[in-house]
Amino acid sequence: MRIFRIRGISKLLNTIKIIKSKLNPSLEIEGFLLTMFDSRLRLANQIYDEVKRHFQELVFKTIIQRNVKLSEAPSHGIPAILYDADSTGAKNHLALAQEIITRNSK
């Protein structure tokens with residue numbers, strides 16, 4: 001099973017490589033973000049371990065956890081941070097924003 005998950009990411013990386021060579025030479029990968037993550041599931045933790053092992057520092061430390069409020073916000077037409085700023089999903093997104101800012105200020 002591990003090979004299939006990594007194969008999908010490899011195909012994505014090949015697509016990015018083609019786009020970079022033919023259309024946008026300055027294209028760079030900011031990082032890999034795990035979303036809809038449920039730490040209670042063994043499969044989710046295995047996927048995280050694989051991605052981390054293969055892509056190391058490119059994997060964001062922040063993980064967007066599975067959260068009902070994240071699913072509800074679009075149906076109300078507002079971002080999760082405005083729908084429920086105290087929800088886990090909103091806090092995860094704020095943490096991601098901070099991580100991106102920190103990475104790019106180095």
Side-chain angles (χ1 to χ4, degrees):
M1 187 177 324
R2 179 184 146 213
I3 293 170
F4 296 117
R5 291 191 293 263
I6 298 302
R7 188 177 298 153
I9 294 172
S10 295
K11 286 184 177 186
L12 176 62
L13 291 174
N14 284 336
T15 301
I16 291 169
K17 187 176 180 180
I18 291 167
I19 292 169
K20 184 172 180 163
S21 69
K22 297 183 187 268
L23 299 173
N24 185 354
S26 62
L27 182 65
E28 297 292 331
I29 296 173
E30 182 77 25
F32 290 92
L33 175 66
L34 278 83
T35 62
M36 297 179 65
F37 186 80
D38 188 340
S39 62
R40 299 170 298 177
L41 302 176
R42 187 178 331 170
L43 179 61
N45 288 297
Q46 288 172 345
I47 291 169
Y48 175 80
D49 291 341
E50 284 179 36
V51 171
K52 188 71 174 163
R53 184 171 45 255
H54 286 282
F55 301 105
Q56 299 163 9
E57 72 279 347
L58 279 177
V59 179
F60 287 106
K61 290 179 179 66
T62 302
I63 295 172
I64 308 298
Q65 298 173 18
R66 185 177 293 273
N67 181 255
V68 172
K69 298 293 183 180
L70 287 179
S71 302
E72 292 174 351
S75 66
H76 293 276
I78 55 177
I81 189 71
L82 296 178
Y83 181 65
D84 186 351
D86 289 327
S87 71
T88 301
K91 290 177 182 178
N92 292 159
H93 279 86
L94 288 172
L96 175 64
Q98 185 59 56
E99 185 175 351
I100 291 171
I101 290 167
T102 300
R103 274 189 181 194
N104 287 294
S105 65
K106 294 179 181 178

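It should be emphasised that the depicted structure is a prediction, and the values quoted were computed from it without experimental measurement. Values below: all heavy atoms of this structure, side chains included; hydrogens, waters and symmetry mates excluded.
With contacts defined as side-chain heavy-atom distances shorter than 4.5 Å, the pair Lys52/Phe32 does not qualify. A 4.5 Å side-chain heavy-atom check between Leu70 and His93 finds at least one atom pair inside the cut-off. Looking at heavy atoms from C-beta onward, Asn67 lies out of side-chain contact with Gln65 at the 4.5 angstrom threshold. Proximity of His76 to Leu82: side-chain heavy atoms (C-beta onward) are nowhere separated by under 4.5 Å.
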Given side-chain hydrogen bond (donor to acceptor under 3.5 Å, both in side chains), test Glu99 with Thr62 step by step and report yes or no. CA-CA 7 Å; Glu99 185 175 351; Thr62 302; 2.6 Å; yes
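Between Leu58 atom CG and Glu30 atom CD the span is 9.5 Å, to the nearest 0.5 Å. Note: Asn14 CG to Ile19 CD1 = 11.0 Å, rounded to the nearest 0.5 Å. Taking CD1 of Ile81 as the start and NZ of Lys69 as the end, the distance is 13.5 Å to the nearest 0.5 Å. For the atom pair CD1 of Ile18 and CG of Asn24, the computed distance is 14.0 Å after rounding to the nearest 0.5 Å. Taking CG from Asn92 and CG from Leu96, the interatomic distance works out to 9.0 Å, rounded to the nearest 0.5 Å. Rounding to the nearest 0.5 angstrom, the gap separating the CG atom in Asn45 from the CD atom in Glu50 is 11.5 Å.
For the pair Arg103 and Glu57, the tightest heavy-atom approach, listed with the atom from each and the gap, is NH2-O, 3.2 Å. Heavy-atom minimum distance, Tyr83 versus Ala73: CB-CB, 3.8 Å. Across Ala90 and Asp84, no two heavy atoms sit closer than the pair CB-O, 3.4 Å. Here the closest non-hydrogen pair linking Ala85 and Lys91 is O-CG, 4.0 Å.
At distances below 3.5 Å, not a single donor-acceptor pair connects side-chain atoms of Ser75 with backbone N or O atoms of Ser71.
By the rule that hydrophobic residues join a cluster once side-chain heavy atoms approach within less than 4.5 Å of another member, Ile64 and Val51 end up as members of separate clusters. Residues Ile16 and Leu23 are members of one and the same hydrophobic cluster, defined by side-chain heavy-atom contacts under 4.5 angstrom among Ile, Leu, Val, Met, Phe, Trp and Tyr. Residues Leu34 and Phe55 are members of one and the same hydrophobic cluster, defined by side-chain heavy-atom contacts under 4.5 angstrom among Ile, Leu, Val, Met, Phe, Trp and Tyr. Ile9 is connected to Ile63 through a chain of hydrophobic side-chain contacts under 4.5 Å among Ile, Leu, Val, Met, Phe, Trp and Tyr, so both are in one cluster. The hydrophobic clustering, which links ILVMFWY residues whose side-chain heavy atoms are closer than 4.5 Å, places Ile47 and Leu13 together.
Around the NZ atom of Lys20, the shell of radius 6.0 Å holds more than 12 heavy atoms that belong to other residues, nucleotides or ligands.
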